[in-house]
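All ligand and atom numbering here is 1-based and tracks the order in the structure. What you are looking at is a predicted structure, and each value in this text was computed from that prediction instead of being measured.
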Amino acid sequence: MSRFNRIATPIEDLLLIERQQIGDERGFFSRLFCREELTDFGATGAIAQINHTMTKAEGTVRGLHFQRPPFDEAKFVSCVAGAVFDIAVDMRPNSPTYLRWHGEVLSMENARSMMIPGGFAHGFQTLTDNCELIYLHDKPHTPMAEGGLNPLDPLLGIVWPLAVTQMSSRDAGFAYLTHDGS
Ligand SMILES: Cc1cn([C@H]2C[C@H](O)[C@@H](COP(=O)(O)OP(=O)(O)O[C@H]3O[C@H](C)C(=O)[C@H](O)[C@H]3O)O2)c(=O)[nH]c1=O
């Protein structure tokens with residue numbers, strides 16, 4: 001019996017994964033990831049790095065980040081405390097949904113994760129204080145390959161649920177895209 005329910009999104013290959021929680025009087029047990037069941041995670045299927053972030057204030061935006069090929073990484077993003085509006089932007093040049101974004105609420109309560117293939121930029125906005133995210137990456141952090149999109153870029157047209165209360169200077173400094181996506 002699968003521990004994960006896969007939900008398609010309007011962007012091909014971008015999946016929402018619902019994790020089964022096995023509850024009892026003590027609370028619940030949940031499998032955060034399973035390579036055997038989620039074989040389509042990443043090109044290699046291997047987990048190269050696991051990251052954990054805590055974001056203190058509601059309304060904070062982190063992202064939108066990506067790594068350029070050959071370091072373009074698949075990410076499996078789960079919210080284990082609080083709730084976030086998680087966004088992925090399709091940056092695959094030949095994709096019919098190139099530069100389209102899709103967002104989902106990930107929270108401790110809804111036990112949902114986003115499976116984001118390589119070729120996407122990722123970011124999120126916190127919907128509560130004290131949000132914690134766990135990221136699984138199939139490639140290591142490679143600063144020289146890192147790039148970013150401005151979360152407020154009008155060309156992307158991302159509708160953030162809340163007024164943006166905090167953003168790193170790096171994220172705020174990403175240049176807006178031009179109409180050819182450059
Ligand atoms: C990503 C990363 C960062 N760092 C260091 C670099 C900085 O000194 C510090 C904070 O990095 P940054 O400001 O890039 O952290 P976020 O803004 O949360 O970035 C992350 O959040 C967005 C939403 C993502 O999707 C990425 O996973 C990741 O880029 O951690 C590391 O040491 N290893 C890493 O793998």
Got the closest protein heavy atom to atom 17 (O) of ligand 1, with its distance? His65 CE1, 3.2 Å

Tell me, which pairs form a side-chain hydrogen bond (donor to acceptor under 3.5 Å, both in side chains) where one or both residues lie in residues 125-135, sequence neighbours left out? His52-Glu132

Measuring from atom OG of Ser78 to atom CG of Leu133, what distance do you get when rounded to the nearest 0.5 angstrom? 8.0 Å

Backbone N or O of Ala111 within a donor-acceptor pair of the Glu18 side chain at under 3.5 Å? no

Right, does atom 34 (C) of ligand 1 have protein non-hydrogen atoms nearer than 4.0 Å? yes

Hey, are Asp171 and His65 close enough side-chain-wise for a donor-acceptor pair under 3.5 Å? yes

Should the proximity of Asn51 to ligand 1, defined as any heavy atom under 4.0 Å, be assigned to the side chain, the backbone, both, or neither? side chain

Output yes when a protein non-hydrogen atom is found under 4.0 Å of atom 23 (C) of ligand 1, and no otherwise. yes

Answer yes or no for atom 11 (O) of ligand 1: protein heavy atom present at a distance under 4.0 Å? no

Tell me the nearest of Met167, His141, Glu146 to atom 2 (C) of ligand 1, using heavy-atom distances. His141

For atom CD of Glu12, is the number of surrounding heavy atoms from other residues, nucleotides or ligands below 6.0 Å larger than 12? no

Does the protein place a non-hydrogen atom closer than 4.0 angstrom to atom 8 (O) of ligand 1? no

Pairs meeting criterion ring-ring contact (aromatic ring centres under 6.0 Å, His included) with involvement of residues 67-88, two or more places apart: Phe33-Phe76

Less than 4.0 Å between atom 30 (O) of ligand 1 and some protein heavy atom, yes or no? no

Looking only at protein heavy atoms, which one is nearest to atom 21 (O) of ligand 1, and what is the separation? Tyr135 OH, 3.5 Å

Under 4.0 Å to a heavy atom of His137 - the qualifying atoms of ligand 1, by number: 27 (O)

To which of Lys75, His122, Glu73, Arg170 does the heavy atom nearest atom 26 (C) of ligand 1 belong? Lys75

Specify the protein heavy atom at minimum distance from atom 16 (P) of ligand 1: its residue, its atom name, and the distance to 0.1 Å. Arg62 NH1, 3.7 Å

Ignoring hydrogens and angles, state whether a donor on the side chain of Gln21 or Ser30 is under 3.5 Å from an acceptor on the partner side chain. no

Measuring from atom CG of Asp90 to atom OG of Ser95, what distance do you get when rounded to the nearest 0.5 angstrom? 3.5 Å

